[in-house]
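Reviewing the structure listed below.
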2 protein chains.
Amino acid sequence: MVTRCEHCPLRRFHLFKPMSDSDVKAMQKFKVGELIIEAGTPVLSEGSNSPQLFTALYGMGLRYKHTSDGERQVVNFVFPGDFVGLQAGVMGEMSHSVEASSKMTLCVFNRSELWGFFKSYPERAFDLTWLSAVEEHFLGEALTSLGQRSALESLSWALLRMFMRCERIGLVQNRRMAMPFRQQDLADALGLSLVHTNKTLSKLRDQQLADWSDGHLTINDKEKLAAIAKIELDVVPVRPLM
Amino acid sequence: MVTRCEHCPLRRFHLFKPMSDSDVKAMQKFKVGELIIEAGTPVLSEGSNSPQLFTALYGMGLRYKHTSDGERQVVNFVFPGDFVGLQAGVMGEMSHSVEASSKMTLCVFNRSELWGFFKSYPERAFDLTWLSAVEEHFLGEALTSLGQRSALESLSWALLRMFMRCERIGLVQNRRMAMPFRQQDLADALGLSLVHTNKTLSKLRDQQLADWSDGHLTINDKEKLAAIAKIELDVVPVRPLM
DNA sequence: CGCACTCTTGAGGGGGCTCAATTAGAGTGG
DNA sequence: CCACTCTAATTGAGCCCCCTCAAGAGTGCG
């Protein structure tokens, strides 16, 4: 049972730029199916030349790279509405891997049709570039977080960012959301050791700022957390949905 | 005296994806002039909604963000051939600022024509997306560098990256190139303190690995430096030139 | 019940931070 | 031509945040 784009459950959220009817039709023509995978399954591999592109529909995952000494850097997290595989689509291969952290459903597109898609639907091509720019924006922010902030600040930033992203797509109920990642994932994202990540998370819990345990994140006071993270609360930019 | 795109001095370098005649004509129609600025001059400001987009033709600059506590994070460096302002073009505003570190010449494009450009030249639109993906790739690498590497490794990585980038566009002569940045710029890029950056640069100099002084960078043994930086030597990806 | 994975907590050491002072070079103006 | 200023690079001293090593506890699974 494949969801048709006109019934896409994500479209209604204001996080996404509104789509015209012709946008929706274009996507429906481009979409070739759905992929359902279990937690822990790889979606795309670094260096691979995948024939497919995806949009996350349900579930969460992470993007990561391997360094030559076997370490892992988590580049970003994947939430519903995120587009996956653009690099392979235009550059020919992925510079990072993507893997599911929970059970995921992804819309599948054929990479071979991407070029025709660009020609036929310039508005959507524009949106794809936009999306890429949003991604770049986010990485720039992550870089800043990593370069300038203490562990407490970095973790506050990361948790709050994820929380606010998920709020916008209806995944937060009662100030609580599912967070299927491991502490190691967040540590690898922020360049911290697992041990120190754990201790800092305890600190956030003790101070009642953010409680991440049992696979769920609870945030009661976003203002306080934002003050520590040194970010504004109103800055989840609107982005296109592909 | 404005350079016409068919005489663009950058096109001949293999760093860039070859351009077809129609590509060149498209760019010539899109280009509205050149901007020449002195070192220290801002090109684009964070949050600004610039009416113009640029491609660096000569000179170097840097991209940076300000954090709410007044610190500065250098996101990336700008070299000839880099496209500047894409974020403003698609998202409506820049998420970082760009400023010249040396005297620069930039090709100028009108942002208002970007949308028409996308419709008229889908190949070029595709290339723009590609470029954005390259940028994302680079930021991912930077994130890894910052998150996983020691100061010595990070600095080796950064210097070697810049050196190899400039080699590809003919700016290296006799293993030596102009490097108009300040130590503070590099420190802010890598999330290091100025003091420690300085001491680590001395170390690289003592070990005869990389000598950056008097505004010039000399690298004699790329292999050794690459070993420290933990990167391969053959990985400056081909990218489109806009 | 043993193995694997994740989270947790303690102890000790070092890489990179901050504070502070000096040197060198480039203007600028009297 | 020299005093004054400003910016960039340099070097020393002391300290702390975060790292590594190590061990233990909780949970799910074959």
Side-chain angles (χ1 to χ4, degrees), chain A residues 38-41 62 67 69-74 99-103 145-159 178-206 210-217 228, chain B residues 38-41 62 67 69-74 99-103 145-159 178-206 210-217 228:
Chain A
E38 292 301 320
T41 314
L62 38 87
T67 55
D69 57 347
E71 296 294 305
R72 188 185 73 152
Q73 172 74 36
V74 171
E99 118 179 8
S101 293
S102 68
K103 183 175 179 181
S145 181
L146 220 148
Q148 309 276 357
R149 295 194 245 254
S150 70
L152 192 73
E153 292 164 354
S154 278
L155 276 165
S156 301
W157 172 81
L159 293 178
M179 266 268 294
F181 309 110
R182 293 163 304 167
Q183 294 188 355
Q184 183 75 63
D185 297 328
L186 204 49
D188 286 346
L190 300 175
L192 299 169
S193 71
L194 171 61
V195 172
H196 197 59
T197 300
N198 180 286
K199 288 174 180 168
T200 308
L201 284 172
S202 300
K203 217 176 277 181
L204 283 171
R205 211 174 294 138
D206 292 346
D211 185 332
W212 177 27
S213 46
D214 299 322
H216 288 267
L217 172 65
I228 294 179
Chain B
E38 293 301 320
T41 314
L62 38 87
T67 55
D69 57 347
E71 297 294 305
R72 187 184 73 152
Q73 171 75 37
V74 171
E99 114 178 12
S101 292
S102 70
K103 185 174 178 181
S145 181
L146 219 146
Q148 309 276 355
R149 294 195 246 253
S150 70
L152 191 74
E153 293 165 354
S154 279
L155 276 165
S156 301
W157 172 80
L159 292 178
M179 266 269 292
F181 309 109
R182 293 163 304 167
Q183 295 188 353
Q184 183 75 63
D185 296 329
L186 204 50
D188 286 347
L190 300 176
L192 298 170
S193 72
L194 171 61
V195 172
H196 197 57
T197 301
N198 181 286
K199 288 174 181 168
T200 308
L201 283 172
S202 302
K203 217 175 279 181
L204 283 172
R205 210 174 293 137
D206 293 346
D211 185 331
W212 177 25
S213 46
D214 299 321
H216 288 268
L217 171 66
I228 295 179

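Remember, predicted model here, so these are calculated numbers, not experimental data. We name chains A, B, ... by the order of the sequence lines, and we start the count at 1 in each one.
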Are D206(A) and K203(A) close enough for a salt bridge, meaning some N to O gap below 4.0 Å?
no

Could you check how far CG of N198(A) sits from P of dC5(C), rounded to whole Å?
19 Å

Could D185(B) and R72(B) be called an ion pair, given the rule that one side-chain N must be under 4.0 Å from one carboxylate O?
yes

Earlier contact from the 5' end, DNA chain D, for S202(B) and S193(A):
S202(B)

If you look at every strand shown and take non-hydrogen atoms under 4.0 Å, does S213(A) touch a base, only sugar-phosphate, or nothing?
nothing

Side-chain N or O of Q183(B) closer than 4.0 Å to phosphate OP1/OP2 of dT10(D):
yes

Any base atoms under 4.0 Å from T200(B), or only sugar-phosphate, or nothing? Heavy atoms, all strands.
nothing

Need one value for G215(B): base, sugar-phosphate or nothing, where a base atom within 4.0 Å counts as base even if backbone is also close, heavy atoms only.
nothing

Between dA9(D) (P) and L217(B) (CG): distance, integer Å:
14 Å

Minimum side-chain heavy-atom gap L159(A)-M179(A) below 4.5 Å:
yes

Heavy atoms only, 4.0 Å cut-off, all strands: where does L192(B) land among base, sugar-phosphate and nothing?
sugar-phosphate

Given atom NE2 of H196(B) and atom C1' of dG14(C), what is their separation to the nearest angstrom?
11 Å

Counting C-beta onward and ignoring hydrogens, is there a side-chain heavy-atom pair between W157(A) and I228(A) closer than 4.5 Å?
no

Indicate whether OP1 or OP2 belonging to dT8(C) is found under 4.0 Å from a side-chain N or O atom of R205(A).
yes

In terms of side-chain heavy atoms of V195(B), which of dG12(D), dT9(C), dG16(C) is nearest?
dG12(D)

Nearest whole Å is fine: how far is dC19(D) C1' from D188(A) CG?
14 Å

Can you figure out which of dC19(D), dT10(D), dA13(D) approaches the side chain of K199(B) most closely?
dA13(D)

Could you tell me how far apart K203(B) (NZ) and dG16(C) (C1') are, to the nearest whole angstrom?
10 Å

Classify G191(A) by what it touches in the nucleic acid, base, sugar-phosphate, or nothing, heavy-atom distance under 4.0 Å.
sugar-phosphate

Calculate the interatomic distance between F181(B) atom CZ and dA9(D) atom C1'; express it in whole Å.
18 Å

For Q148(B) and dG15(C), give me the distance from atom CD to atom C1', rounded to whole Å.
16 Å

L194(A) versus Q183(A): any side-chain heavy-atom pair under 4.5 Å?
yes

Measure CG/L194(B) against C1'/dT11(D) and give the value in whole Å, please.
12 Å

